[in-house]
Structure formats: structure tokens, C-alpha cells
Amino acid sequence: MVLAERLAQDLTALGFLALGAAMAWEWYRLRGKAQGRLAVALISLAIVAAIGRVPEFVSVSGGAATVVGVVTIFAFEASAYYVLLFRDAFLPLSPRARQAARILLGATLVVGLAEVTVLSNAGRIVTTAAAFELILAWVVFAGEPIVRFWLASRSLPSVQKARMRALSFGFAGLIAILVFDVFGGNAVQSPTVTIVTQLIALAMVPIIYVSFAPPAMLRGLWRMKEATELRAAIQDLLIFSPTRQDLADKAVGWAKRLLGAQGAFIVDSEGTIVARSGIDDADVIEIVAARKGAAEGGIEEPLPGRGAAIVTPLHLTEGLGFLGVTAGPFTPLFGSDEVNQLKGYASSVNAGLERARVTERLAAIEANKTQFLNLASHELRGPLTVIRGYVSMLQDGLLGTLNERGSKAVPVISTKVLEMNTLIEQMIEAARLEDGALMLRPEANDLRELVKAAVNSATPVLDGQRKVRVKCPERPVRVRVDGERVKTIVANLVSNAIKYSPEGGPVEVDVVNRGGIARVSVKDHGVGIAKDDLPILFTRFGRVSTPETDHLPGTGLGLYLGRQLARLHGGEITVDSDPGRGSTFTLHLPAAEMTNAGSGRSANLRPQAARVGTQDGPVTRGGDG
Ligand code: ADP
């Protein structure tokens with residue numbers, strides 16, 4: 001039994017010596033402040049364990065015993081005090097707590113010195129009290145960080161969490177043994193109990209070891225728990241991030257989680273830091289510069305004062321960028337599996353960044369188009385007004401009598417000027433719509449009147465041969481709409497019906513009021529539209545290109561505006577077409593309630609499409625461009 005007891009004690013001492021040596025090596029590799037402090041703590045623990053075994057091999061007495069006693073007590077207190085300093089390196093203590101710790105340490109060292117010198121012959125109560133103080137200080141120094149680490153670990157990525165918990169658990173085990181040694185009473189003397197406590201202490205060695213140097217396999221295992229959640233989150237990030245910047249910011253956050261890293265960064269081909277987290281600008285620049293242009297990703301050896309880093313290339317359209325992660329006190333190790341993992345992640349980030357770039361460019365192009373619409377239309381309106389004035393003066397003979405050729409030219413000029421005017425008005429309206437500056441002026445209207453006026457305004461451009469038949473109910477069709485806008489919508493449908501029936505054929509306009517919905521359908525017997533072409537009709541500048549219609553003038557804005565305006569009214573435009581036989585376009589509008597016909601409220605057909613619905617019905621707010 002005595003042999004077993006000695007063996008257990010020797011093994012434990014050896015275990016702690018090995019632990020101290022491993023941590024010393026780790027510190028030598030990394031030279032970080034935090035690693036240094038943990039190294040002092042663990043080496044001190046190794047000294048305590050080793051010195052405890054010395055009397056078994058050589059007899060120590062007199063002055064030597066005092067020296068051994070002092071060293072033991074100092075090393076013992078240092079082993080806990082440096083755990084507190086380790087915590088302070090990355091979870092800083094408050095200045096007051098730091099001060100209090102120093103005072104406690106000073107007092108404890110004094111007590112320790114007294115214990116092995118002047119108090120060695122004092123009474124039992126005094127020596128027990130002194131020993132009690134020494135152990136209490138140790139428990140305070142080591143206990144506070146243990147609790148802090150445990151709490152802080154809750155919000156950390158799985159690898160860092162596991163490592164922090166391992167450290168907490170290891171030291172908690174040692175505290176438990178110490179406390180048991182003090183309060184265990186007689187049981188402590190029993191060889192069996194000694195063996196058990198020694199083995200428990202020994203078991204703490206690998207647990208503490210994995211906290212600062214976990215093998216790759218263990219890191220992989222810890223990460224696995226998070227893998228599914230991570231994959232889903234990364235997918236979200238790559239698909240839904242609205243901008244490149246947003247994506248980059250989130251990507252560095254996930255890179256840290258994925259690898260359990262301390263910091264992460266993305267730099268673009270110019271070396272500009274696009275996003276970073278947990279690392280400062282200077283370190284990013286240093287790490288990227290240290291690569292000396294080598295394109296392949298790999299592990300950057302740790303430099304004194306800074307942990308290891310992995311940097312992997314991003315193949316961006318504008319050139320080679322980099323995604324990197326760096327190690328911290330709880331991530332001092334990267335291995336080949338981390339490199340592979342980062343490479344895989346980098347290719348996803350790469351694709352995401354490229355996608356976001358394309359989206360951003362498209363948005364910029366769209367914005368440019370709107371800006372162009374706005375500018376061009378407003379710049380054109382002024383001169384055209386002047387031209388219109390002169391044309392009408394020419395027509396009225398106010399500028400003198402024209403010769404025969406002149407008289408023939410004026411109506412052509414007038415028609416073309418009208419076409420230009422329509423185009424410019426459409427452009428202005430489209431620009432307003434996109435700027436959110438389009439304001440409706442809804443009023444009580446009889447849809448029959450609006451339709452008749454619209455048909456009339458569309459007919460002057462007719463060749464006079466064509467018939468536009470309008471069929472309306474006998475009773476008024478009450479709608480609460482912006483009359484001018486509805487007339488524009490209907491006039492465009494009618495002029496399209498005529499324009500896209502080059503062979504002629506009647507155009508039938510029907511107004512019906514049924515089920516709370518007022519409808520205006522415009523039916524022609526013209527070229528019709530192929531099913532595949534239907535989706536582009538209502539897009540901005542969307543025109544169907546066919547041999548029969550290519551020569552016809554048009555902007556592709558009429559239906560786009562028509563549908564948008566209809567939707568702002570809580571309505572819709574639909575189309576039904578048969579290629580070669582004709583089309584029917586229908587404008588749907590909410591009918592006003594009959595009970596209050598004069599200023600009736602409208603039901604909204606497409607509540608989700610209307611931009612703004614006020615109490616008086618759907619209205620868009622804003623200035624009228
Ligand atoms: P525009 O007539 O000025 O080109 P619109 O936005 O009014 O612009 O119409 C978009 C496209 O839809 C037209 O270019 C044409 O190809 C098609 N289209 C519109 N109305 C009809 C119709 N009644 N019959 C056949 N095609 C039509």
C-alpha cells in the first residue's frame with residue numbers, strides 16, 4: 001500500500017512536471033503575454049509537485065528545509081495568482097480588483113514566510129490558521145478566473161468554449177483536492193484516500209493540457225457540434241446579404257466561429273481591409289505583408305507577441321484578396337484541418353462576395369437609369385414646349401402664310417411633336433414613380449366619363465377609318481381615382497390596341513361594374529402576344545420584338561406605367577392574348593361604395609401592392625416631381 005501510495009504521488013508529480021514543461025514550450029513558441037502568465041502558473045504548480053517529492057529521496061533539514069518551505073509556498077501562491085493574471089490578460093480585471101489581488105498576495109507571502117520561519121514553533125492553532133490563510137488565498141486567486149472563464153465561455157464558439165471549460169474544470173479539480181486535504185479530517189491520512197486524490201489530481205493534467213494545446217482530433221470533435229448550425233447560417237449569409245460590405249462583415253464573424261479563432265479579416269486586391277473582427281488594422285497589414293505575395297493559403301508561423309494565422313486567397317473579379325484568421329490565448333493552434341476548413345469556407349465567401357458585387361452593380365445601373373430618365377426628360381421638356389408653341393402658331397397662321405409644301409409638313413411635325421411629348425411625359429412619370437415622388441390625387445369619378453375622354457384623346461392619332469366601340473353600363477360607375485392618371489392608362493391601352501392591329505379590325509372597349517370591382521377591357525384583333533413574351537410587357541422599357549411590330553414607334557413605358565399606376569390605386573392590369581388573333585387588356589379598379597357614392601371609399605384589390613394606403617384610399621405620398 002505504501003508503495004502504491006508513493007507511486008501515485010510520484011506519477012502525479014511527474015504529470016505536473018510534464019504539464020509545466022509543455023506549457024513552457026508553448027510559451028517559447030508563441031511568446032504571448034497571456035501564454036506567459038499561464039506558463040508561470042503551470043510551471044509553479046510543477047515546482048510545488050516536484051519539491052513535495054524531494055524529502056522522499058533526500059533528507060532536508062535546518063536551513064535547507066526553510067528554503068524549501070519558502071520556495072514551496074511562493075510557488076504554490078504563484079500557481080494560482082498567475083491564473084488570475086492570465087485571466088486579466090484577456091478578460092481584464094478592474095483596477096480595484098487588481099489592487100486587492102496584489103494586497104492579498106503581499107499579505108499571503110508575509111504569512112507564508114512567517115509560517116516557515118518564526119511560526120514554526122508556534123502553537124497548533126496559529127500554524128493551522130496560517131495554513132488556512134495560504135490555502136484560502138490560493139482558492140481566491142484560482143477560483144475567480146475559473147468562474148469567469150466558465151461564464152465567459154457561454155458566448156464563445158465551440159472550440160474556445162471547450163478549451164475555457166477544460167481549464168476551469170482542471171483548476172476546479174485542484175481546488176477541490178486542496179479543500180478536501182484541509183477539511184477532510186482523518187480520512188486524509190488513509191493511504192487509499194491519498195491514492196485516490198493523487199490520481200484525481202493526475203487526471204486534471206490532460207484536462208488542463210488540452211485547454212492550451214488541444215489535439216486536432218479533439219478540436220474537430222468540438223467543432224462538429226456547431227457544424228450544422230454553422231452551415232445553415234453561412235448559407236443564409238451568402239444568399240441573403242444585401243451588400244458586399246454586409247456580407248464581408250458577417251463573413252469574418254462566422255470565420256471566427258468556424259475555426260474558433262480570435263480574429264478574422266478580409267482584404268481586397270488593393271490591400272484595403274474590407275472587414276475585420278477581433279484584430280487591429282496594424283496586425284492585418286503585418287500578416288498580409290508577411291505573405292510576400294505567395295498566392296496559396298497556408299499557416300503563418302506565430303510571431304512573438306502574436307499567435308499563428310491562416311491566410312487563404314479570395315479570387316475576386318478585381319484581383320486577389322485574402323481571408324485570414326488569427327489565433328488568440330485560447331486558439332494558439334491551427335493545423336491542416338483548419339487550413340482546409342478555411343479554404344472551403346473561403347470559396348463560399350468568394351462566391352458570395354462575387355454575387356453581392358453583381359447585385360450591387362445591377363442596383364447601380366438601375367439607379368443610373370432612373371437618374372438618366374429624370375435628367376433627360378426634364379431637359380427635353382423645356383425645348384419641346386417652345387417647339388409646340390411655334391408649331392401651333394404655324395398651324396394657326398400666326399407666323400404668315402406657308403407655301404403648299406410647308407402646309408403639308410406642319411401636321412406631320414405636329415404629330416411627331418405630340419409623340420415626343422407623350423414619350424417625355426412617360427419618362428417623367430416613370431422617374432417620379434421610381435423616386436417615390438409620384439402623388440395621386442384621388443377624387444370621386446364616373447369611370448364611364450374617364451373612358452370616353454381617354455378614347456377621344458387616343459383617336460386623333462387614328463387614320464379615321466378605324467372603329468373604336470365603347471360599351472358602358474347605363475348607371476354611373478363610381479370610382480375614387482386620380483382621373484388624369486386613369487385616362488392616361490386607358491388611352492395607352494386604346495392606342496396600343498390600334499397600333500398593334502396593323503391590319504385594322506375593330507377595337508372594343510367595355511366598362512363593367514361587378515362585385516365591387518370596376519373593369520375596363522380593351523380588346524383588339526391585332527398581332528397578339530406569344531405566351532413567352534407576356535412577362536416583359538409590364539417591365540420598364542419592355543417591348544416585344546417581332547417582324548410585324550419592330551417598325552412601330554414606342555417606348556415600352558406605357559404598360560409599365562399603367563400597371564404601376566393601377567397598383568397604386570389598389571388595382572391591376574391583366575392581359576389575355578392569342579398570337580395572330582388579338583389581345584384583351586383589362587384594367588381593374590376598386591369600385592367606390594354605393595352608399596356614399598359621391599366620396600365613396602374604395603376596396604383595395606391588391607393591398608400588398610399598393611405603396612401607401614391612407615384612410616381615404618390608397619394614395620402615394622410625396623412631392624409631385
Ligand atoms: P410601347 O407600345 O410604347 O412599346 P407599351 O408598354 O405600351 O410600350 O407596350 C409594351 C409592348 O407590349 C409593346 O412594345 C408591344 O410589343 C406589346 N403590346 C402592347 N399592347 C399590345 C397589343 N394590344 N397587342 C400586341 N402587343 C402589344
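Remember, it's 1-based here, ligands and their atoms both numbered in the order they're listed. Both backbone and side-chain heavy atoms feed into the values below; hydrogens, waters and symmetry mates do not.
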Does CZ in Arg581 sit with more than 12 non-hydrogen atoms of other residues, nucleotides or ligands closer than 6.0 Å?
-> no
Contact between [X] and [Y] at the side-chain level, heavy atoms closer than 4.5 Å - yes or no?
| X | Y | result |
| --- | --- | --- |
| Leu438 | Leu565 | yes |
| Val325 | Phe265 | no |
| Val520 | Asp510 | no |
| Ile498 | Val494 | yes |

Judging by distance only, is a nitrogen or oxygen of Gly554 under 3.5 angstrom from one on ligand 1?
-> no
Are Arg381 and Glu425 close enough for a salt bridge, meaning some N to O gap below 4.0 Å?
-> yes
NZ/NE/NH1/NH2 to OD/OE distance under 4.0 Å, Glu434 and Lys369 = no
For [X], the ligand 1 atoms whose distance to one of its heavy atoms is below 4.0 Å:
| X | answer |
| --- | --- |
| Val544 | 14 (O), 16 (O) |
| Leu557 | 6 (O), 8 (O) |
| Gly542 | 10 (C), 11 (C) |
| Asn492 | 7 (O) |
| Ile529 | 25 (C), 26 (N), 27 (C) |

Select the closest option to atom 4 (O) of ligand 1 among Glu548, Glu419, His525, Arg543, judged by heavy-atom distance.
-> Arg543
Note: heavy atom closest to atom 8 (O) of ligand 1, options Gly556, Gly528, Ser577, Ser545, belongs to Gly556
Can you find a non-hydrogen atom of Thr555 under 4.0 Å from ligand 1?
-> yes
Part of Phe585 within contact of ligand 1 (heavy atoms, under 4.0 Å) = side chain
min-distance protein heavy atom vs atom 7 (O) of ligand 1 -> Asn496 ND2, 2.8 Å
Spacing of CG belonging to Leu398 relative to OG belonging to Ser392, to within rounding of 0.5 Å = 7.5 Å
